[in-house]
Protein chains: 2
Amino acid sequence: MSSANIKHLLLAQFARLGKALSHPNRLELLEFLAQGSRGVDELAGLSGQSVANTSQHLQQLRQAGLVQSRRQGQRVLYSLAGDDVVALMDALRRVARQHIPDVDHLVHRHLDPRDAMEPVPVDQLLERIRRGEVTVVDVRPEAEFQAGHVPGAINIPLDELEARLGQLDPGREVIAYCRGPYCVLAYDAVHNLREKGFRARRMEDGYPEWKNAGLPVEKAAS
Amino acid sequence: MSSANIKHLLLAQFARLGKALSHPNRLELLEFLAQGSRGVDELAGLSGQSVANTSQHLQQLRQAGLVQSRRQGQRVLYSLAGDDVVALMDALRRVARQHIPDVDHLVHRHLDPRDAMEPVPVDQLLERIRRGEVTVVDVRPEAEFQAGHVPGAINIPLDELEARLGQLDPGREVIAYCRGPYCVLAYDAVHNLREKGFRARRMEDGYPEWKNAGLPVEKAAS
DNA sequence: TCAATATTCAATTGATTTATTGAATATTGC
DNA sequence: GCAATATTCAATAAATCAATTGAATATTGA
């Protein structure tokens with residue numbers, strides 16, 4: 001086999017990977033999976049598409065090598081193929097933010113300028129949690145929270161934030177986080193909390209990055 | 001605008017990036033561009049496709065934000081949008097190698113096992129070049145060499161290697177490199193050189209990574 | 001074994017993508 | 001201004017992809 005042929009075979013394989021990343025639905029599935037294993041039905045619900053459609057997208061992701069599946073009883077659980085997939089998605093987001101004006105624009109328009117200036121770095125946060133200096137709020141839906149979350153965090157999905165403000169100590173700073181650096185839930189939460197008079201900041205990055213950094217993780221009792 | 005809408009707008013933008021990475025021809029163009037600026041005509045020649053086709057792929061890459069173009073006289077010069085694009089391609093290759101059995105297989109089948117074991121790390125190499133301990137051979141085509149290469153390297157395209165063995169000092173170790181960690185030219189060169197009795201190893205990674213690491217670069221006089 | 005649940009397969013339709021071709025545009029050198 | 005060169009645009013046909021629908025498969029619990 002000639003070098004040129006090998007080169008083109010390799011390029012074809014890389015392109016298959018790119019193709020898997022070329023549909024919004026699949027990217028959304030990858031984002032959910034970055035938070036933990038999920039069944040097809042569950043993913044269909046989270047992404048708001050039909051089960052059959054979800055299944056087909058998942059199979060494309062699996063054929064591309066981005067996710068893997070294992071059977072557990074009646075259900076088939078999907079999960080990311082490895083941490084390097086998270087790194088790949090991160091590289092994708094980074095390029096998008098850097099070189100597509102719309103992306104940077106969309107993100108910035110939707111956040112209080114101070115939020116952008118004061119994200120809490122992940123490494124400092126762990127120490128502050130241990131000292132009990134901050135209230136950490138996970139604003140993702142309950143299902144995602146139960147699959148794994150930052151130790152000591154309490155789960156208040158964004159929808160319920162206003163109704164459950166009473167659970168928060170007004171004297172302590174609140175740190176909000178969600179699915180990742182581009183997840184806007186945390187931005188919205190910080191914005192709302194500040195309007196109510198809380199000191200609030202968002203965690204830089206989200207749960208997938210936290211988990212991926214090897215930091216401790218807490219799970220709901222099953 | 002609701003958070004959900006923003007999220008889907010962002011996903012659509014990320015997907016556009018993925019789509020740009022979903023065709024082998026475009027990936028090949030990106031690999032050439034990782035070595036320096038090139039004109040459309042030149043890229044068409046290098047990748048062996050029509051000029052019109054090349055132009056259209058380049059425009060897709062530009063719309064996706066992966067490359068940029070500037071006019072210089074009659075020609076339009078294309079180049080990568082930034083270093084993060086190299087990082088993205090690297091993440092893509094890494095995932096492919098890790099999770100697509102064929103890719104790892106293709107790469108390994110084509111190299112002498114010792115080559116895999118003894119790649120020369122880039123950081124050590126610079127010092128050894130300065131001390132004149134090694135002969136560095138750039139096995140890429142001449143046009144790519146002239147656009148930029150490792151300081152002190154000599155250019156012997158793979159085709160000409162056998163005919164030009166006389167230019168190499170048999171007493172000095174030869175280090176071969178080409179376009180990147182997946183470029184097979186360097187593997188082939190090392191293999192051929194060893195058959196002729198030379199001590200030869202390949203440089204880990206290739207010219208784009210060398211340049212991207214901020215290491216010194218030499219260019220042909222223009 | 002049988003019904004119930006979860007997932008996958010298969011077939012269809014409409015939309016998108018690719019390579020090719022030839023024409024159109026922009027810049028240089030005369 | 002005019003010819004020559006480099007690049008881009010526009011239109012086409014073949015190929016591929018996405019969402020929907022209904023059927024098929026596999027596992028659990030009775």
Side-chain angles (χ1 to χ4, degrees), chain A residues 8 11-30 32-33 36-79 143 147 222, chain B residues 8 11-30 32-33 36-79 143 147 222:
Chain A
H8 287 105
L11 285 172
Q13 298 294 333
F14 300 155
R16 184 190 287 193
L17 258 184
K19 201 170 293 179
L21 300 173
S22 73
H23 197 283
N25 282 9
R26 286 194 287 271
L27 290 175
E28 189 176 20
L29 291 174
L30 286 176
F32 287 128
L33 290 174
S37 297
R38 295 287 152 79
V40 178
D41 188 44
E42 197 177 358
L43 287 166
L46 285 169
S47 64
Q49 52 180 334
S50 74
V51 171
N53 207 1
T54 305
S55 174
Q56 292 188 58
H57 280 305
L58 284 169
Q59 276 168 82
Q60 284 191 56
L61 288 171
R62 188 178 51 197
Q63 280 171 20
L66 289 169
V67 310
Q68 56 196 179
S69 65
R70 64 179 196 281
R71 183 145 219 141
Q72 196 176 57
Q74 295 170 275
R75 307 201 316 153
V76 174
L77 288 183
Y78 280 85
S79 54
S222 58
Chain B
H8 286 105
L11 285 172
Q13 298 294 333
F14 300 155
R16 183 190 287 194
L17 259 184
K19 199 169 293 176
L21 300 172
S22 73
H23 197 283
N25 283 8
R26 286 194 287 272
L27 290 175
E28 188 175 22
L29 291 173
L30 286 176
F32 288 127
L33 289 175
S37 297
R38 295 286 153 78
V40 178
D41 189 45
E42 197 177 356
L43 288 166
L46 286 169
S47 64
Q49 53 181 332
S50 74
V51 171
N53 207 1
T54 304
S55 173
Q56 292 188 60
H57 280 304
L58 284 170
Q59 276 168 83
Q60 284 191 55
L61 288 171
R62 188 179 50 195
Q63 281 171 19
L66 289 169
V67 310
Q68 56 197 181
S69 65
R70 64 178 197 281
R71 183 145 218 142
Q72 195 177 58
Q74 297 169 275
R75 309 201 313 154
V76 174
L77 288 184
Y78 281 84
S79 54
S222 58

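Treat the numbers as computed from the prediction; the structure is a model and nothing was measured. To find a chain, count down the sequence lines: A is the first, B the second, and so on, and within it residues start at 1. We use all heavy atoms of the structure for the numbers below, so side chains are in, but hydrogens, waters and symmetry mates are not.
- A:N25 places its CG atom 9 Å from the P atom of D:dA18, with the value rounded to the nearest Å.
- Annotation: of the two residues near DNA chain D, A:S22 and A:A52, the 5′-most nearest-nucleotide partner is A:S22.
- The closest side-chain heavy-atom distance from B:Y78 to B:E42 is not below 4.5 Å.
- Atom CG in A:L21 sits roughly 16 Å away from atom C1' in D:dC17 (whole-Å rounding).
- Separating the CZ atom of B:R75 from the C1' atom of D:dA4 is a distance of 16 Å, rounded to the nearest angstrom.
- Taking the 5' to 3' direction, DNA chain C first and last meets chain A under 4.0 angstrom from a heavy atom at C:dT5 to C:dA10.
- A pairwise comparison of heavy atoms in A:R70 and A:S79 identifies NH1-OG, 4.3 Å as the closest pair.
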Audit row: A:H57, A:Q49, side chain to side chain contact (heavy atoms under 4.5 Å, CB included) steps and yes/no
CA-CA 11 Å; A:H57 280 305; A:Q49 52 180 334; 3.7 Å; yes

Please enumerate all protein N or O atoms sitting under 3.5 Å from an N or O of nucleotides 11-13 of chain D, with distances to 0.1 Å.
none

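- Shortest non-hydrogen contact noted between A:A64 and A:L17 is O-CD2, 3.5 Å.
- A pairwise comparison of heavy atoms in B:V76 and B:S69 identifies CG1-CB, 3.8 Å as the closest pair.
- Of the inter-residue distances, the one linking B:L33 atom CG with B:L66 atom CG reads 10.5 Å to the nearest 0.5 angstrom.
- For A:S55 and A:Q74, each mapped to the nucleotide of DNA chain C holding its nearest heavy atom, the one lying further toward the 5' end belongs to A:Q74.
- For A:E28 (side chain) and A:P24 (main-chain N/O), no donor-acceptor pair under 3.5 Å exists by modelled atom type.
- We find that CZ of A:R71 is positioned 6 Å from C1' of D:dT27, with the value rounded to whole Å.
- Between A:T54 and A:S47, the shortest heavy-atom distance links the atoms OG1-OG, 4.3 Å.
- Residue B:S69 is the one, among A:Q60 and B:S69, whose nearest nucleotide of DNA chain D lies closer to the 5' end (criterion: closest heavy atom).
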